[in-house]
Amino acid sequence: MNTVDYDLVIIGGGPAGLTAGIYASRARLNVLMLEKLVPGGQIIVTDWIENYPGFPKGLPGADLVEKFIEQAKGFGLKIETGEVVSLDLSGPVKKIALEKTTITARAVVIATGASPKKLGADKEENFLGRGISTCATCDAPFFKDGVVAAVGGGDTAVQESLYLTKFVKKVYLIHRRDQLRAARILQERAFSNNRIEFIWNSVVTGFDGLFNLEKVSVQNVKTGETQQLDVEGCFVWVGIQPNTRLVGNALKLDDAGFIAVNARMETSAPGVFAAGDVRSTPLRQVATAVGDGAIAATSAAHYIESL
Amino acid sequence: MSKAKEVNDSNFEAEVLKSDKPVLVDFWAPWCGPCKAIAPAIDELAAEYGGQIKITKCNVDENSATPGKYGIKAIPTLLFFKGGDLVDQLRGLVAKNKIDESLKKLL
């Protein structure tokens, strides 16, 4: 058999990648986890996770990540910071090109997650970090007693808007439909919170301000009417897009661009597995990502044994 | 290992604006997950650049004048100063090598 640097390389260090790392290192595979920024993924910016079992009072996302990392390191998982530049997944030896070096592995778990979508509204780029944010836990205190907008209608948008109300005097929650998609318990909390004003059937078309954000332009999609809201901040939670740039056409994707897998987390390429938010799945939660990671690592171990 | 030095509203002028070396200021707060996440990289860079660039951090929870002056509305925000002038900035969670690139430009 050809020599390789690792049995398994896991790309991405969120809950799916870290769990795959825990299972793979506990199975005594020679495994490396690569993370381009810092381990944790999207939950680093989640203020409170209350539906992950084992923590009945809930906990900050950053604290949960710390526990995952501690557990993974306890089994000896090797974690390196590095951005993957390109991937060759076609042969029995997978090639993972980093900026300065290329490493080889028999199997790969892709756990690159997903990123928040942008609105595509006018001047959005100008005000990123100058009022536009996707991290309420980081940035809400800068808008203390102020007025902000939030965009979206899913779990994240509603939960984080509720968090914002601890700081600001008003949140305009702008949603393109006439009802929320968020879990019922979150909807109930939002409807009973008098600091949240809903702006239904509406989309954000543009941003304005001298230096920092001052105004958000909103258009009603039913009537076509537009209005400007005076806000200091705008928090954008309109869904996610899969981080699949590296994969290109090498793997089968679903219609929305997420990686297609079977129940064993096997992708269309032998020896390549996908786990967590990057894969085609009906639910994207910490609880589902860790399940994916466990299955992907176990499937990878079986695959490596069978070679 | 040398770590990033804490600066505040009262010593910002002396430590940053009047520094004879270029300065990086990491605006952070204890409530901010991404800030915690990049803190180890900032400390590592403080050790690596020891004598050449002053690496500092400013807690926005305890200091409001300085972040206000620079219009900071999001953290982590990294500001890079040379000769008292703001010459570069990075906003949000960024990789260590991106910070390193910006630091190299200060030398």
Side-chain angles (χ1 to χ4, degrees), chain A residues 13 35-49 59-66 69 79-83 98-100 115-116 125 127-144 146 148 163 166-167 209-214 231-235, chain B residues 4 9 24-48 57-80 86-104:
Chain A
E35 163 58 46
K36 72 173 173 176
L37 287 172
V38 288
Q42 294 173 90
I43 61 168
I44 290 179
V45 303
T46 308
D47 87 276
W48 202 251
I49 295 178
L59 78 173
D63 291 3
L64 185 57
V65 166
E66 261 175 44
I69 295 169
I79 300 176
E80 278 183 10
T81 307
E83 184 157 11
L98 304 173
E99 275 179 16
K100 287 175 187 152
S115 301
E125 300 289 333
F127 294 104
L128 288 175
R130 296 183 187 282
I132 300 179
S133 173
T134 57
C135 180
T137 46
C138 307
D139 304 334
F142 292 110
F143 306 102
K144 198 168 185 339
V148 299
Y163 178 78
K166 295 179 191 170
F167 299 87
L210 201 56
F211 178 72
N212 283 328
L213 181 67
E214 292 167 21
V231 297
E232 295 167 44
C234 183
F235 290 79
Chain B
D9 283 345
L24 161 65
V25 188
D26 166 21
F27 289 89
W28 72 286
W31 68 70
C32 159
C35 300
K36 267 190 228 169
I38 65 161
I42 298 290
D43 283 337
E44 284 165 27
L45 290 164
E48 289 164 28
K57 53 204 292 183
C58 180
N59 183 338
V60 304
D61 205 15
E62 292 165 358
N63 300 283
S64 56
T66 309
K69 181 180 164 192
Y70 292 98
I72 287 170
K73 288 283 183 191
I75 47 172
T77 288
L78 306 177
L79 299 186
F80 299 80
L86 177 61
V87 292
D88 198 1
Q89 47 189 300
L90 292 172
R91 290 162 191 276
L93 189 54
V94 288
K96 187 183 167 189
N97 64 353
K98 287 268 181 279
I99 307 171
D100 196 39
E101 277 172 28
S102 288
L103 287 173
K104 284 206 171 75

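Note on naming: letters A, B, ... go to the chains in the order of the sequence lines (proteins, then strands), and numbering restarts at 1 for each one.
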Side chains of [X] and [Y] in contact at under 4.5 Å (non-hydrogen atoms):
{"X": "Phe235(A)", "Y": "Phe143(A)", "answer": "yes"}
{"X": "Leu78(B)", "Y": "Ile42(B)", "answer": "yes"}
{"X": "Leu79(B)", "Y": "Leu24(B)", "answer": "no"}

Could you have a look at Thr77(B), Ile72(B), Asn97(B) and say which one has the most heavy-atom pairs with chain A under 4.5 angstrom?
Ile72(B)
Less than 4.5 Å to any heavy atom of chain A: does that hold for the side chain of Ala37(B), its backbone, both, or neither?
both
Turns out that what part of Val60(B) lies under 4.5 Å from chain A's heavy atoms comes down to side chain
Which bit of [X] is near chain B, if near means a heavy-atom gap under 4.5 Å: side chain, backbone, both or neither?
{"X": "Glu83(A)", "answer": "neither"}
{"X": "Glu35(A)", "answer": "neither"}
{"X": "Thr81(A)", "answer": "neither"}
{"X": "Leu213(A)", "answer": "neither"}

Do you know which of Pro60(A), Pro141(A), Cys135(A), Gly233(A) has the most heavy-atom pairs under 4.5 Å to chain B?
Pro141(A)
Between Ala62(A), Gly129(A), Ser133(A), Gly40(A), which shows the greatest number of heavy-atom pairs under 4.5 Å with chain B?
Gly129(A)
I need the minimum non-hydrogen distance between Glu232(A) and Gly146(A), along with the two atoms involved.
OE2-CA, 3.5 Å
Taking the inter-plane angle between the rings of Phe27(B) and Tyr70(B) on a 0 to 90° scale, is it parallel (under 30°), tilted (30 to 60°) or perpendicular (over 60°)?
tilted
Over 12 foreign heavy atoms within 6.0 Å of NZ, Lys96(B):
yes
Mind running salt bridge (charged side-chain N to carboxylate O under 4.0 Å, His left out) on Lys69(B) and Asp9(B) for me, showing each step along the way?
CA-CA 10 Å; Lys69(B) 181 180 164 192; Asp9(B) 283 345; over 6 Å; no
